[in-house]
Amino acid sequence: MSQIYVEDVEPGHEIGPLVKQPSREEILAFCEVTHLAGRFVSDEAARGDGLERIIVSSWQNLAYMAQLLTDWMGPQGTLTTFDVIFRGLVEDGDRLECRALVTDTPLRDNQHIVVLDVFMQNQRGERPLQGTAEVVLPSRG
Amino acid sequence: MANERITSDIDFDRSVIGVEVDVGTYRVTAEEIVAYARAIGETNPLYLDEEAAIAGPHGALIAPPLFVHTLRLQPGGPDPTAHFGTTSFTAGQRTQHFEPIRAGDTITATSQITDVYAKTGRTGTMVFLVRRVTYRNQHGHTVMTMDNSMVRRDMRQ
């Protein structure tokens with residue numbers, strides 16, 4: 001894997017998109033390893049919760065967003081903070097673009113921090129998930 | 001939109017707020033890490049290839065940041081039993097990561113309710129419940145904290 005360094009990054013730097021469009025099988029596979037049930041695995045249960053069909057769990061969406069950052073930061077990078085709110089549901093069949101934007105690169109306690117805005121956008125232009133993250137990157141010197 | 005913290009009108013057990021309880025101890029295996037990584041479509045060898053990961057900066061296969069979602073927390077954690085609404089959704093999650101979780105680690109989880117509050121907006125009243133889970137490894141190091149905010153709504157509205 002390639003490694004990005006703090007010297008390669010500045011505010012305004014865009015990351016992504018990481019595109020995900022989980023199939024029903026992928027949704028169910030994720031639910032199996034995370035022991036999720038109900039509206040995430042059963043259309044009937046979803047209708048009982050006032051939904052049309054199964055939805056993609058917040059945990060799966062969060063994992064996708066985190067993957068965008070861990071792919072970008074390289075093996076020597078560290079995700080330290082990940083703070084996200086949900087503004088909408090992610091439905092079975094949605095096409096998701098995970099993106100991030102560098103907003104600041106402070107030096108804090110001798111660590112090179114990269115502060116990012118993060119969001120997930122669907123094919124309707126909606127952002128069901130958005131928030132911020134902080135990553136520590138290595139320096140070349 | 002009114003965003004009042006109307007906790008006085010919510011029926012819940014306030015005594016549980018801030019009470020930290022054990023909710024499980026888990027031995028993390030390489031197989032579980034790989035299964036989770038594959039389920040989210042990961043390609044990072046640090047999470048998938050133990051030999052490559054051991055040669056990497058962490059000296060072991062490590063788990064993706066939100067692997068803890070695979071750890072089934074034991075029931076019996078603090079339950080304020082906020083009597084409101086018909087269903088819960090995740091409103092938000094904030095995690096702080098201090099050390100990677102490695103294959104072979106033993107992770108202990110504790111949980112506490114940190115806040116319960118209500119908001120009223122265009123779609124009606126919603127009740128929020130915030131729970132913090134703290135994950136520690138076998139060395140007693142806090143590897144991660146997770147603040148999870150769940151919102152209860154009445155889906156019949």
Side-chain angles (χ1 to χ4, degrees), chain A residues 1 3 18-23 25-36 38-39 45-51 55 57-67 69-71 73-89 129-136 138, chain B residues 31-49 52-53 55-59 62-73 85-100 128 143-157:
Chain A
M1 291 185 69
Q3 180 62 55
L18 174 68
V19 179
K20 297 284 189 180
Q21 189 166 14
S23 64
E25 289 70 30
E26 289 166 330
I27 294 169
L28 297 179
F30 180 87
C31 291
E32 184 168 345
V33 299
T34 53
H35 318 292
L36 290 172
R39 58 179 176 254
R47 285 190 290 271
D49 282 343
L51 304 165
I55 59 173
S57 70
S58 60
W59 291 357
Q60 191 163 0
N61 295 311
L62 289 164
Y64 291 157
M65 282 303 317
Q67 184 185 351
L69 301 175
T70 56
D71 282 351
M73 71 189 192
Q76 296 179 46
T78 305
L79 175 66
T80 56
T81 303
F82 188 42
D83 191 355
V84 168
I85 60 171
F86 282 87
R87 296 204 168 273
L89 301 176
L129 180 160
Q130 62 187 50
T132 59
E134 291 191 1
V135 167
V136 174
Chain B
E31 291 74 22
E32 290 165 334
I33 290 174
V34 170
Y36 175 81
R38 287 189 176 142
I40 59 176
E42 268 288 355
T43 58
N44 191 331
L46 295 180
Y47 310 140
L48 293 166
D49 183 338
H58 304 288
I62 61 171
L66 299 176
F67 168 82
V68 295
H69 285 145
T70 69
L71 307 180
R72 223 192 306 224
L73 301 182
T86 58
T87 236
S88 293
F89 294 96
T90 302
Q93 182 179 276
R94 181 174 192 268
T95 52
Q96 292 187 281
H97 306 260
F98 304 100
E99 291 184 26
F128 293 82
V143 297
M144 181 177 169
T145 61
M146 177 184 295
D147 294 308
N148 189 266
S149 176
M150 298 296 294
V151 57
R152 286 196 64 81
R153 309 183 60 167
D154 189 339
M155 295 299 287
R156 296 166 298 186
Q157 294 176 350

Of all of [options], which one pairs up most often with chain A through heavy atoms under 4.5 Å apart?
| options | result |
| --- | --- |
| B:T70, B:L66, B:T90, B:T95 | B:T95 |
| B:D147, B:N148, B:N44, B:L71 | B:N44 |
| B:H58, B:E32, B:H69 | B:H69 |
| B:G41, B:A52, B:G56, B:A35 | B:G41 |

*What part of B:L46 gets closer than 4.5 Å to chain A, counting heavy atoms only: side chain, backbone, both or neither?*
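Contact with chain A is through the side chain of B:L46 alone.
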*What part of B:F98 is in contact with chain A, defined as an atom under 4.5 angstrom from a non-hydrogen atom: side chain, backbone, both or neither?*
neither
What residue in [options] has the most heavy-atom pairs under 4.5 Å with chain B?
| options | value |
| --- | --- |
| A:L69, A:V84, A:I85 | A:V84 |
| A:S58, A:P22, A:S57 | A:S58 |
| A:D83, A:L62, A:T132, A:L129 | A:D83 |

Answer whether the closest heavy-atom distance between the side chains of [X] and [Y] falls below 4.5 Å.
| X | Y | result |
| --- | --- | --- |
| A:T78 | B:H97 | no |
| A:T70 | B:P64 | no |
| A:D71 | B:E42 | yes |

*Using the ring of each side chain (for Trp, its six-membered ring), is B:Y36 parallel, tilted or perpendicular to A:F30, with breaks at 30° and 60°?*
tilted
*Does the cation-pi check pass for A:R39 over B:F89, that is, NZ or CZ under 6.0 Å from the six-membered ring centre and within 45° of its axis?*
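Yes, A:R39 sits over the ring of B:F89.
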*Under 4.5 Å heavy-atom distance to chain B, tell me which part of A:F82 shows up: side chain, backbone, both or neither.*
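For A:F82, heavy atoms of backbone and side chain both lie under 4.5 Å from chain B.
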*Might you point out which heavy atoms bring B:P57 and A:P75 nearest each other, and give the distance in Å?*
CG-O, 3.3 Å
*Would you find more than 12 non-hydrogen atoms of other residues, nucleotides or ligands less than 6.0 Å from A:E32 atom CD?*
no
*What is the distance from atom CZ of B:R38 to atom CD of A:E26, rounded to the nearest 0.5 Å?*
14.0 Å
